[in-house]
Enquirer: 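I am attaching a structure below and will ask some questions about it afterwards.
What you see is a predicted model; the values in this text were computed from it and never measured. Just so it is clear: chains get the letters A, B, ... in the order the sequence lines come, proteins before strands, and each one is counted from 1.
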Amino acid sequence: MPPPNVTARAHLGHGSTYTPMDVATRYHRMLGDNADWLPGTDHAAIATEAVLVRELAAEGKSRESLGREKYLEIAWQWSKETGGTIFEQFRALGFGPDWQRSHFTMDERLSAAVRKVFVALYRDGLIYRGKRLVNWDPVAHSTISDAEVEHEDRDGVLWRIRYPFSPNEAAGIEIATTRPETMLADVAIAVHPKDKRYKNFVGKSVLVPPLLERSIPIIADESVDPEFGTGAVKVTPAHDATDYEIGLRHNLPMPSVLDLDARITGDEIGVGKYGGMMREEARAAIVSDLRNKKLLAEEQPYRYAIATSERTGAVVEPLLSLQWFVMMKPLAEPALQAYRDGRVRFVPERYGRTFEQWLENIRDWNISRQIWWGHQLPVWYTDDGSVVVAETEEEARKIARAERNTDRLTRDPDTLDTWFSSGLWAFTILGWPERTPELEHWYPSQVLMTGWEIIFLWVARMVMLGLRFMGDVPFKDVFVAPLVFDMQGRKMSKSLGNVIDPLDLVEKYGADAFRMGMLRQLRLESQEVRFNESRCLEARNFNNKIWNALRYITSLPEELPPAMALPDTDRLSLADKWILTRLNETVIRISRALDGYDFGLAAETIWNFVWYEFCDWYLESTKDANAQPTRAAVLSFVLNHAMRLLHPIAPFITEEVWLALPHDGESIVTASWPDIAEIPRDVASAGIFEALRRKVEEIRNLRSEMGLPPRERVRVAVPASVPDTTASLLATLAVAEVEAAPSRDGTPEQALAEITAHAPAETLRARYKKEAGRLTAEVERGERKLADQRFVANAKPEVVAKEREKLQGYRKELERVLKMLAEMERTK
RNA sequence: GGGCGGUUAGCUCAGUGGGAGAGCGCUUCCUUGACACGGAAGAGGUCAGUGGUUCAAUCCCACUACCGCCCACCA
């Protein structure tokens with residue numbers, strides 16, 4: 001189970017990803033596999049801390065005013081209080097993971113594992129500390145990883161600004177920028193080395209507006225695009241990734257003018273009156289001053305991508321900062337190999353290519369966070385600034401004493417990125433680093449199911465860290481569930497007011513109906529579900545249908561035989577054989593769908609079987625006296641099986657119904673998955689029944705079109721040609737209005753004849769004329785096709801044969817209809 | 001800039017190289033001894049457009065249009 005945020009509440013996304021997990025677990029448990037679904041919660045550092053800090057602020061308090069110890073005490077208490085909610089909700093949704101084995105990423109044992117991994121990676125040289133440009137979230141007051149940055153197109157302005165050669169001089173160089181507030185930290189102007197326009201500028205200096213107090217060089221760098229803007233760009237290494245690279249190449253200073261609140265600061269370099277302004281405020285002030293000083297050459301509307309924080313929505317600030325990183329290339333290589341070898345497989349496959357591309361272009365992972373709620377880095381510093389990395393403080397002291405001859409250590413206040421600990425989830429929850437029986441048995445697991453938004457954040461990291469520390473992939477399959485949107489395809493969000501609470505749906509329709517309603521909307525290849533609540537209503541009706549079928553069966557006068565007892569095959573009626581054959585085929589189809597993670601197809605298949613085959617046709621057929629000898633056994637047998645097929649999807653109603661029927665065992669939860677070897681199959685008889693069914697439909701159609709009320713029933717007899725001595729009648733299905741006493745038994749043809757005998761002549765004639773037209777067109781189409789030598793020569797023989805058969809059928813039908821029309825003309 | 005989905009009945013969506021489907025909605029009929037949260041029947045679609053491959057294309061290929069998503073340091 002991907003661990004939900006400990007403080008989260010269930011949302012529809014859990015419905016689309018966790019319901020399949022529950023279905024898969026229940027299915028495999030019924031198959032007799034040693035299936036386990038391991039639950040847990042995640043401390044979700046940034047999200048949790050953001051809420052906590054906000055709540056503290058409302059009370060006029062802050063992290064700092066409380067102090068770290070007190071703050072963490074409150075955080076723990078809070079996570080314990082709210083931590084149970086999501087699991088209570090999961091229970092209400094019918095999820096049945098192995099609650100006994102639940103874990104929390106901040107459990108002491110898991111935290112120890114986190115420290116162990118950190119130390120191991122550090123000693124292997126894969127974790128390092130360095131001053132790099134990182135993503136700063138000024139609201140969360142922390143760095144965030146690249147994977148947590150979202151890019152969003154917004155309307156902005158592209159300013160063209162002139163940097164003069166000297167004060168009070170018009171001549172200078174023009175650059176284009178979207179971020180004038182960072183120009184206070186400019187250290188150069190860059191042009192492309194081959195740009196003729198600026199050839200003579202390189203090497204000269206200009207003054208940085210609007211203060212015009214600092215002089216910076218004009219340099220040449222390949223990364224500048226001469227086509228964009230003016231072809232000259234300001235270089236601000238501390239506040240832009242490209243500029244940072246330029247800065248490194250040209251060995252430029254990298255002053256920063258933004259503090260951790262994204263406020264202008266002049267600590268490193270003069271910023272004049274702008275010091276203390278927020279970045280937006282400073283931008284407005286600077287633009288206005290540039291305009292007054294006639295240094296603003298142009299401003300044009302411009303749409304460009306800005307980076308925002310996934311968690312807080314704040315505009316992310318590139319910031320030059322001393323942080324901890326994981327070197328990713330050595331970890332990514334084995335993961336790529338595992339994917340290419342097929343040791344990790346994605347369903348749908350296309351996500352595998354995304355995974356591969358991401359790993360190929362991976363960059364080092366910034367793992368230190370400036371928040372308090374989380375795993376504090378197992379890193380200490382001596383007074384002289386040397387670094388000690390150890391699993392415990394005790395050990396750190398030992399090392400410090402031995403290597404640095406000091407006792408004075410200060411622990412790094414930063415915590416680890418949440419995904420560092422959840423990246424270990426696949427093996428820490430099984431007891432790692434102990435070689436527990438669970439770890440031996442369940443690692444690697446069969447499948448991870450998740451939404452595609454965390455393939456990079458989580459899945460990729462689990463694969464990399466699993467390979468590193470367990471020597472094997474953490475799971476063989478990754479099933480990627482679609483994301484849930486509203487009916488208009490919009491994300492569900494509080495601000496849009498389109499959020500649907502799954503618990504409300506459970507309240508309205510029941511958990512089974514919610515699950516079925518959700519699953520029926522999942523499509524294997526689809527990347528999104530536009531959630532349609534009416535599917536839950538339909539599913540509620542479906543459950544009602546099942547309940548009533550049970551009522552019918554249990555109210556039969558006959559006694560229900562023991563579970564799994566079926567009459568001898570030669571006593572079974574045609575309808576019995578048909579429904580058993582259909583059940584047999586349905587078991588195969590549902591098993592295949594579930595094996596391929598196609599939960600939508602599995603749901604649709606059981607739905608169609610129960611409603612449109614079992615209830616609409618088989619159950620109806622048993623209302624005839626001729627069906628009585630075998631119906632109790634077959635009805636109970638089929639419904640018992642259908643409940644087992646449905647159980648993974650709808651655990652509650654299936655338990656009730658199954659218990660109310662003859663059954664073996666205590667609970668359907670531990671019942672076995674239906675075995676097709678125990679379900680008699682007779683394709684030939686089923687085919688005859690199907691043909692009869694079509695005839696019955698035709699009779700109904702005719703009756704309905706003729707406007708004949710369905711009061712009287714006509715039995716449709718099995719044709720004498722059917723080699724089935726015990727075949728009963730397909731009874732009470734076809735109905736015809738007759739003035740004279742109807743023949744109560746007969747072939748479908750006789751039934752049709754009876755109806756036509758009593759139908760209004762004009763209506764009947766119109767119908768047959770229409771029918772004749774349709775059939776004529778079909779016959780012509782078939783004739784044309786078969787006359788085409790290229791078709792006969794090239795098409796597969798069975799296709800040609802089928803076409804011949806069809807044509808013959810149409811001709812026969814047409815002949816019959818034309819004969820009837822002729823008959824009507826004569827008797828008119 | 002790169003990559004990936006989607007476009008089928010009024011709505012939400014299945015589907016297949018050879019006779020266009022479901023549910024809801026709509027129309028008509030049915031209070032028949034499981035169920036009106038039900039049953040029966042019906043109307044409704046040049047399967048986004050153009051071109052190609054093929055005996056045959058809604059399905060395969062190319063391009064176009066529109067919708068959506070992911071990745072990306074063009075100021």
Enquirer: A75(B), C73(B), C35(B): which one has an atom nearest the side-chain heavy atoms of Asp225(A)?
Expert: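 Of the options given, the side chain of Asp225(A) lies nearest A75(B).
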Enquirer: Looking only at the side chain of Thr178(A) (C-beta and beyond, no hydrogens), which of the listed nucleotides A75(B), A41(B), C70(B) gets closest?
Expert: A75(B)
Enquirer: Can you figure out which of A34(B), C37(B), A75(B) approaches the side chain of Asn548(A) most closely?
Expert: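 For the Asn548(A) side chain, the nearest candidate turns out to be A34(B).
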Enquirer: Considering only the C1' atoms, how many Å lie between A9(B) and C61(B), rounded to the nearest integer?
Expert: 28 Å
Enquirer: Taking G25(B) as the reference, what is the distance to G39(B) when you measure between their P atoms (whole Å, please)?
Expert: 12 Å
Enquirer: Would you kindly check whether a donor in the side chain of Glu620(A) faces an acceptor in the base of A34(B), or vice versa, at under 3.5 angstrom?
Expert: yes
Enquirer: Taking the C1' atom of each, how far is A57(B) from A48(B), in whole Å?
Expert: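 Comparing C1' positions in A57(B) and A48(B) gives a spacing of 16 Å.
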Enquirer: Compare the minimum distances between each of A14(B), G38(B), G18(B) and the side chain of Asn541(A), then state the nucleotide with the smallest one.
Expert: G38(B)
Enquirer: Fit a plane to each ring of Phe609(A) and Phe614(A), take the angle between them on a 0 to 90° scale, and name the class: parallel (under 30°), tilted (30 to 60°) or perpendicular (over 60°).
Expert: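 Taking Phe614(A) first and then Phe609(A), their aromatic rings lie parallel (interplane angle under 30°).
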Enquirer: How long is the line joining CD of Glu528(A) and P of G68(B), in whole Å?
Expert: 10 Å
Enquirer: Could you give the CD-to-C1' distance, from Glu356(A) to G3(B), as a whole number of Å?
Expert: 13 Å
Enquirer: Could you work out the separation of C74(B) and G6(B) based on their C1' atoms and round it to a whole Å?
Expert: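 Each nucleotide's C1' atom is 30 Å from the other's.
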Enquirer: Provide the distance between the two P atoms, one in A20(B) and one in U46(B), to the nearest whole Å.
Expert: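 Roughly 14 Å separates the two P atoms.
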Enquirer: Check every atom of A75(B), G19(B), C35(B) against the side chain of Asn544(A) and return the nucleotide holding the closest atom.
Expert: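 Selected nucleotide (nearest to the side chain): C35(B).
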Enquirer: If you pin Thr177(A) and Gln527(A) to their nearest nucleotides in RNA chain B, which one's is more 5'?
Expert: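 Looking at the nearest nucleotide for each, Gln527(A) comes out on the 5' side.
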Enquirer: Taking the side chain of Ala795(A) as its heavy atoms from C-beta onward, which of A34(B), G18(B), C73(B) lies nearest to it?
Expert: G18(B)
Enquirer: For Arg551(A) and Arg353(A), find the nucleotide of RNA chain B closest to each by heavy atoms; which residue's nucleotide sits nearer the 5' end?
Expert: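 The 5'-side residue here is Arg353(A).
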Enquirer: Got a donor-acceptor pair under 3.5 Å from the side chain of Arg350(A) to the base of C4(B)?
Expert: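 No such pair is found, so the answer is no.
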Enquirer: Looking at every non-hydrogen atom in both residues, tell me the closest pair between Ile189(A) and Lys234(A) and how far apart they are.
Expert: CD1-CA, 4.0 Å
Enquirer: Can you say whether a donor on the side chain of Lys796(A) sits under 3.5 Å from an acceptor on the base of A56(B), or the other way round?
Expert: no
Enquirer: Would you say CD of Gln808(A) has more than 12 non-hydrogen atoms from neighbouring residues, nucleotides or ligands within 6.0 angstrom?
Expert: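 Atom CD in Gln808(A) is not packed in, count stays at 12 or less.
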Enquirer: Looking at every heavy atom in both Ile219(A) and Ile246(A), which two are closest together, and how far apart are they?
Expert: CD1-CG2, 3.9 Å
Enquirer: Between C11(B) and C70(B), how far apart are the two C1' atoms, rounded to whole Å?
Expert: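 It comes out at 29 Å once rounded to the nearest Å.
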Enquirer: Roughly how far apart, to the nearest Å, are G10(B) and U53(B) at atom P?
Expert: 33 Å
Enquirer: Is the backbone N or O of Pro226(A) less than 3.5 Å from a side-chain atom of Arg197(A), with the two atoms forming a donor-acceptor pair by type?
Expert: yes
Enquirer: Given U12(B), G39(B), G19(B), which nucleotide is nearest the side-chain atoms of Tyr810(A)?
Expert: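 So the side chain of Tyr810(A) is nearest to G19(B).
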Enquirer: Between A75(B), C71(B), C69(B), spot the one nearest the side chain of Phe456(A), thanks.
Expert: C71(B)
Enquirer: Please give the distance between the P atoms of G38(B) and A72(B) as a whole number of Å.
Expert: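 Each nucleotide's P atom is 49 Å from the other's.
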Enquirer: Among G23(B), G18(B), A34(B), which nucleotide sits nearest the side chain of Glu538(A)?
Expert: G23(B)
Enquirer: Hey, what do you get for OH (Tyr198(A)) to OG1 (Thr230(A)), rounding to the nearest 0.5 Å?
Expert: 4.0 Å
